Structure formats: C-alpha cells, structure tokens
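Worksheet: the structure to be examined is printed underneath.
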Amino acid sequence: MFSLPPGIGYSLLAALVWGTYIFVLKQYFEKYPSTVLTVGINAAAVLWYLPLTLRRTDPADVPSLSSFGALEGVLVLGTIVATAAAFLVFLWALDLGEVSYVAPISKIVPVFVLPIEVVFLQEHLTPVQVTGVVIATLAVYVANYRTGSLLDPVRKAATSRAAQFGLLSAACFAVSDVGKRVALQELGFPLELWVPTVLGGVLVVVLPLAAREWVPIRDALPKFALAGGGVALGEHATSLAFSTVPASIASPIINTQAVVAVLLGGILLREDSFGIRLVAAALAVVGVGLIAA
C-alpha cells in the first residue's frame, strides 16, 4: 500500500490549510488592511497555540543563553525578519503594479530555496526530485497567472519595479523557509516553542505599520479568532514539514497553497479562467509526485 513520507504529508497538509486560509481571507477580510490583518490574526494564532507550547515544551529544552550563541540568535531573528519582510515587500509590489504580474513572480520561492540549500547546506536532491521542484514551482506560477502572455511577468521583471519587488519578496520567503529548516533541524529549536516565536515575531515587526492604518476589528473578533486558529494549524504543519525534510522539498509543496486557493475559488465561486487553474492543479500533482518519488 502506497504511503507518503511524513515530511511530504506535513507539507501537503500545510498547503491545504494555507490555501483554504487564502481563500477565506479573500472572501471575508477584504475591507481590512493587510498589516492590520496580520497583527490581529497572528495575535489570535499565538493565543490558540500557547496552551500547546506550555504543555509540551520542557523548560530544559528551551535554548539558554549559554547554549544558544550569537550566531544562532541572529539566525532566528533573521528568519523572523525575513518572514515579515517578504510579506511587506509583496504589499509594496502590489502598490506599484498589477497583481497579474506581481503575484506569479512572488510565488516562485522554491527557485531561490534550492540553490540556497545546495550552496550553504550541501543539500542533495535526485534529478527526479529537482524536476518535481521545477514542475511544482511552475504550477504555482500558472495558478497565479491572470491575463496576457504567460511569460509577461518574467519579461516585466527586467524593467518593472513592481515585478522586481515581487522577486525580492520570493527571495525573502526563500530565506525564511531555509531559516526555519535550520532552526528546527540543525539547531533543534523545540517546535512548539518555534511556532509562537515566529508568529509573535512577525506581529511585532508589522505592528508599527499596522498602527498607522489601524481600523477597528472588535466587531469581527470571532472571525479573527477562527482565522487565527487556521494560522496556528498552518504554521504547526509547516514547522513539522521543515523539521522533517529539506526546505527545497517542503517549500515547493507548501507553496502549492496557491493552487488550492484558486481551485476553491473556481469551484465555489465560479471564478474566471478555471481551465488554467485545472492545468495548475495537474502540474502540482505531477510535481509533488516526483518530489515524493
């Protein structure tokens, strides 16, 4: 009987959770600025997750100042900052240009993850797995494609500041993904402590920007609480994936969340271009299958 390796299974679960989360955000949270959304939902996610942290984290496992050196601290802080920066740079890209060419470019994260791991962590993937990474990345690109030539976003990257910011966003997400893998695998950071650290860290980084455009969220607290539960689950599944397999394997699978989101939009809302969304889904299945081979 066929069974997926745990790391692949965790990555697929994360993709499903994050894809559903993206769909829900588009449907029920459009009137809120993205920075305000991040602060409100991350705060709820931390509150959801803290009981698990308190119950499962042994104080003896928490890295102390004596065992957790400056380099490790910089890596953890850098991962948090890279995660927040990726989000903020993506927002800047959207302010400067059309989503039709910003979104596809910003989602090619695995293109950056693979060389980072190969160069700095001496990671080795089989030719079949590399092919799977390329196909899964293509699936994410196609899922975010809107109108015009399929290569327009790539062409615009040479001259468009918005597309360049989209590329920078993808690179920041790649640094974040590799940082998560290193923190959870090489440094042995306790997973149940890592999740609220990342969520809370991003909240702190984004908070000053959110304060400048704050809108009341009190009337929508139940929605924020439910969304926070989804984020807590998604970040837990993501961390399980990065604690088990290389980021170059987990990242392309997790990023197929974009395919999940557009399929939900096509099926439930009859959104346009459903045919190309099915092509993206087929590519994602092939890519994940090759990665898991």
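Treat the numbers as computed from the prediction; the structure is a model and nothing was measured.
Taking the side chain as every heavy atom from C-beta outward, V140 and I108 never approach each other to under 4.5 Å. For the pair V76/F189, a side-chain contact is recorded, criterion being any heavy-atom separation below 4.5 Å from C-beta on. In this structure, the side chains of F23 and V260 stay at 4.5 Å or more apart for every pair of heavy atoms. Residues K180 and T83 are in side-chain contact: their nearest non-hydrogen atoms beyond the backbone lie under 4.5 Å apart. Residues N255 and D177 are in side-chain contact: their nearest non-hydrogen atoms beyond the backbone lie under 4.5 Å apart. A 4.5 Å side-chain heavy-atom check between P246 and I249 finds at least one atom pair inside the cut-off. Annotation: side chain of V178 is not in contact with side chain of F242 (no heavy-atom distance under 4.5 Å). Looking at heavy atoms from C-beta onward, T38 lies out of side-chain contact with L203 at the 4.5 angstrom threshold.
The nearest pair of heavy atoms linking I217 to W214 is CD1-CZ2, 4.0 Å. Between P110 and T137, the closest heavy-atom pair is CB-OG1, 3.3 Å. E123 and V118 get closest at one heavy-atom pair: O-CG2, 3.7 Å. Nearest heavy atom pair, residue P252 against residue I291, reads CG-CD1, 3.8 Å. Minimum heavy-atom separation, T197 to L193: OG1-O, 2.7 Å. The minimum heavy-atom distance between V231 and A45, with the atom names listed, is CG1-CB, 3.8 Å.
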Using atom types as modelled, flag every donor-acceptor pair under 3.5 Å from a side chain in residues 165-175 to any protein atom, sequence neighbours excluded.
from: S169; atom 1: OG; to: A86; atom 2: O; distance (Å): 3.0

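Note on L13: it does not cluster hydrophobically with I22, by side-chain heavy-atom contacts below 4.5 Å among ILVMFWY residues. Following chains of ILVMFWY side-chain contacts shorter than 4.5 Å, one can reach L268 starting from L263, so the two form part of one hydrophobic cluster. Linking ILVMFWY residues whenever their side-chain heavy atoms come closer than 4.5 Å, directly or via other members, places L207 and V46 in the same cluster. Under a hydrophobic clustering in which Ile, Leu, Val, Met, Phe, Trp and Tyr are joined whenever their side-chain heavy atoms come within less than 4.5 Å, directly or via other members, Y28 and Y32 fall into the same cluster. V81 and V109 are members of different hydrophobic clusters when ILVMFWY side chains are connected at heavy-atom separations under 4.5 Å.
Classified by interplanar angle (parallel below 30°, tilted 30° to 60°, perpendicular above 60°), the ring pair F29/F224 is perpendicular.
With rounding to the nearest 0.5 Å, the separation of OH in Y49 from CG in L233 is 9.5 Å. Atoms CG and CD1, from L283 and I276 in turn, are 9.5 Å apart once rounded to the nearest 0.5 Å. For the atom pair CD1 of I8 and CD1 of I253, the computed distance is 3.5 Å after rounding to the nearest 0.5 Å. To the nearest 0.5 Å, the span separating NZ on K223 from CG on L25 amounts to 10.0 Å.
When only modelled atom types and interatomic distance are considered, E213 and T35 share a side-chain donor-acceptor pair under 3.5 Å.
Panel note: side chain N42, backbone L199; a donor-acceptor pair is recorded below 3.5 Å. Side-chain N or O atoms of T256 include none that pairs as donor or acceptor with a backbone N or O of V259 at under 3.5 Å. A side-chain donor-acceptor contact under 3.5 Å links Q122 to the backbone of V119. Looking only at distances, a side-chain donor or acceptor of E117 sits under 3.5 Å from a matching main-chain atom of S248. Side-chain atoms of W194 do not come within 3.5 Å of backbone N or O of H236 as any donor-acceptor pair. A distance-only check finds no donor-acceptor pair linking the side chain of Q27 to the backbone of V24 [under 3.5 Å].
For the pair E192 and R55, the salt-bridge criterion is not met [side-chain N within less than 4.0 Å of a carboxylate O].
Cation-pi contact between K107 and F90: present, with separation from the ring centre below 6.0 Å and deviation from the ring axis of at most 45°.
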